[in-house]
Amino acid sequence: MPELPEVEVVRRGLVTHLTGATLRDVDVLHPRTGRRYPGGSAALAQALEGATIAKIDRRGKYLWCVLVGESTHLTPSLAPALLIHLGMSGQLIIDDGAASLLPHCRMHAHIGKGRSVSFVDQRTFGYLTIDKLLWEPRTERWIPSLAQHIAPDPLEEGFDMVATVRELRRHRVPLKNALLNQEIISGVGNIYADEALWAARLHGTRLASGLSYAQLTTVLTEVQAVMRRALAVGGTSFDALYVNAAGEPGYFARSLHAYGKVGEPCDRCGTPLVSMVVGGRSHTYCPSCQKLPARTR
DNA sequence: CCAGAGACCTGAAGGC
DNA sequence: TGCCTTCAGGTCTCTG
């Protein structure tokens with residue numbers, strides 16, 4: 001559920017409250033939360049103790065806090081970013097620290113001025129770890145080593161539309177799957193993939209390798225457009241599983257045209273939308289606007 | 001190298 | 001009413 005727009009909304013909220021903050025009394029409360037950190041959750045909590053957050057950055061669905069270590073436990077070889085992936089249900093909540101632990105709280109730390117930060121994650125697909133940053137010459141950015149395999153996202157400066165189209169055409173897989181492949185383009189999840197395909201009038205089972213440069217440019221342009229619109233209203237929330245750093249939902253769900261709308265009339269032509277499984281993921285589309293061509297393979 | 005399937009996890013929703 | 005099954009989704013890992 002948290003896809004690029006939702007993660008960016010979270011990042012912006014954290015910039016306000018975490019920049020310059022020092023983490024104290026760090027607790028990592030679930031073994032799966034620290035599973036990507038050598039030594040696990042207890043070692044992670046110890047390593048984060050006393051770390052100060054200098055900057056908060058993002059690529060696709062990966063979020064990271066650049067750390068400046070006053071911490072004696074931050075080993076130089078592992079400095080200097082706290083990498084956060086929200087998984088399916090992760091939330092980062094800033095509060096005044098007075099209340100007891102939130103339900104499904106997986107990490108908690110004090111950040112000064114009586115405030116605290118909580119990582120809440122019902123399904124524990126998310127994780128926190130400490131990772132080193134590596135210089136990426138192509139985009140001139142420092143990127144965590146665990147996100148090295150992730151392609152630039154469609155809203156970052158270094159995003160190369162032409163190169164991404166070329167990469168999409170290399171893959172003989174359904175376009176829907178190609179859009180969800182974070183190594184081709186990052187930040188796209190099931191919601192925005194379905195929305196962009198609907199807007200581009202393309203069926204998700206069309207092979208990426210079989211589409212024209214113009215068609216692929218159109219769908220990528222729609223990915224950018226739908227994400228910008230979602231970002232402007234705080235992202236997409238269906239339930240309490242996605243909220244910003246202040247615990248508030250986003251309002252893009254009311255603007256969706258395809259995702260989660262099986263059986264409802266298409267907003268363009270009125271034909272009821274249908275759903276099918278593509279590459280193990282549900283794909284909701286308009287059978288009239290998003291036609292499969294006669295020759296599909 | 002590339003594609004596809006399974007594993008991980010919890011709570012909501014549906015079936016009987 | 002209540003138990004059981006199914007589903008949802010993002011990534012990582014394994015298999016073919």
Side-chain angles (χ1 to χ4, degrees), chain A residues 1-8 10 29-38 40-41 58-64 83-92 102-107 119-129 131 143-151 153-154 166-197 204-210 223 227 230 235-243 250 252-253 256 258-263 274-284 297:
Chain A
M1 313 265 215
E3 304 180 29
L4 187 156
E6 292 75 38
V7 179
E8 175 61 15
V10 169
L29 301 153
H30 195 287
R32 280 180 53 77
T33 302
R35 67 189 183 278
R36 306 290 307 263
Y37 185 74
S41 292
R58 180 192 61 74
R59 163 172 281 176
K61 303 168 196 171
Y62 289 74
L63 186 64
W64 61 92
L83 179 66
I84 302 165
H85 199 292
L86 302 178
M88 283 288 305
S89 56
Q91 308 170 354
L92 283 158
L102 296 164
H104 309 297
C105 181
R106 311 306 188 192
M107 186 280 293
F119 178 64
V120 172
D121 186 18
Q122 177 192 99
R123 298 186 194 175
T124 70
F125 278 32
Y127 59 85
L128 310 180
T129 190
D131 196 11
I143 303 293
S145 73
L146 291 171
Q148 286 288 299
H149 62 299
I150 299 304
D153 71 55
R166 205 179 298 133
E167 183 62 24
L168 282 169
R169 284 170 57 92
R170 288 187 57 245
H171 293 261
R172 195 176 167 76
V173 296
L175 177 57
K176 167 93 187 222
N177 296 24
L179 291 175
L180 294 174
N181 184 338
Q182 306 295 301
E183 299 183 28
I184 301 175
I185 177 174
S186 69
V188 184
N190 217 25
I191 297 172
Y192 297 106
D194 273 4
E195 292 302 307
L197 289 167
T205 60
R206 300 285 300 267
L207 292 185
S209 54
V223 168
M227 284 185 168
T236 304
S237 302
F238 292 108
D239 47 36
L241 284 190
Y242 165 71
V243 292
F252 196 65
L256 296 175
Y259 182 85
K261 302 228 159 213
V262 187
V274 296
S275 183
M276 67 182 291
V277 174
V278 182
R281 288 283 175 268
S282 74
H283 173 40
T284 302
R297 292 183 311 183

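Chain letters run A, B, ... following the sequence lines, proteins first, then strands; residues in each count from 1.
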Any side-chain heavy atom of A:D121 within less than 4.5 Å of one from A:M107?
no

Are the side chains of A:L92 and A:F119 in contact, using a 4.5 Å heavy-atom criterion?
yes

Atom [atom1] of [X] and atom [atom2] of [N]: how far apart are they, to the nearest Å?
X      : N      : atom1 : atom2 : result
A:L63  : C:dG10 : CG    : P     : 17 Å
A:I191 : C:dG9  : CD1   : C1'   : 9 Å
A:L4   : C:dG9  : CG    : P     : 18 Å
A:R35  : B:dA7  : CZ    : P     : 17 Å
A:I184 : C:dT11 : CD1   : P     : 13 Å
A:Q122 : B:dG11 : CD    : P     : 5 Å
A:Q148 : C:dC12 : CD    : C1'   : 17 Å
A:I185 : C:dT11 : CD1   : P     : 13 Å

Can you name the nearest heavy-atom pair linking A:I184 to A:A178, along with the distance?
CD1-O, 3.8 Å

Can you tell which of B:dC9, B:dT10, C:dG10 lies closest to the side chain of A:H85?
C:dG10

Among B:dG11, C:dT11, C:dG10, which nucleotide sits nearest the side chain of A:M88?
C:dG10

Looking at five pairs on each end of the helix from B:dC2-C:dG16 to B:dC16-C:dG2, what is the angle between the two axes, given to 10 degrees?
60°

Using a 3.5 Å distance criterion without hydrogens, assess whether the side chain of [X] forms a donor-acceptor pair with backbone atoms of [Y].
X      : Y      : value
A:E3   : A:K61  : no
A:H283 : A:G204 : yes
A:K176 : A:S282 : yes
A:E195 : A:L256 : no
A:S186 : A:A151 : yes
A:T284 : A:K261 : no

Residue list, side chain to side chain contact (heavy atoms under 4.5 Å, CB included) with A:H104, at least two apart or on another chain
A:R106, A:V120, A:Q122

Between A:D131 and A:R36, is there a salt bridge with N-O shorter than 4.0 Å?
no

Can you tell me if the side-chain N/O atoms of [X] get under 4.0 Å from OP1 or OP2 in [N]?
X      : N      : result
A:S282 : C:dG9  : yes
A:Y259 : C:dG9  : yes
A:R123 : B:dG11 : no
A:H104 : B:dG11 : yes
A:Q182 : C:dG10 : no
A:Y127 : C:dC12 : yes

Using atom names, set out every protein N or O paired with an N or O of nucleotides 2-5 of chain B below 3.5 Å, distance rounded to 0.1 Å.
{"residue": "B:dC2", "atom": "OP1", "partner": "A:R170", "partner atom": "NH2", "Å": "2.4"}
{"residue": "B:dA3", "atom": "OP1", "partner": "A:R172", "partner atom": "N", "Å": "3.0"}
{"residue": "B:dA3", "atom": "OP2", "partner": "A:H171", "partner atom": "ND1", "Å": "3.0"}

Holding to side chain to side chain donor-acceptor pair (under 3.5 Å), I want the full list of residues that pass it with A:T129, two or more places apart in sequence or in another chain.
none

The side chain to side chain donor-acceptor pair (under 3.5 Å) partners of A:R32 (sequence neighbours excluded) come to A:T124

When we call it a touch if two heavy atoms are under 4.0 Å apart, what does A:R281 touch: a base, just sugar-phosphate, or nothing?
base

When we call it a touch if two heavy atoms are under 4.0 Å apart, what does A:H149 touch: a base, just sugar-phosphate, or nothing?
sugar-phosphate

Tabulate atom names and distances for all N/O pairs under 3.5 angstrom spanning the protein and nucleotides 13-16 of chain C.
none

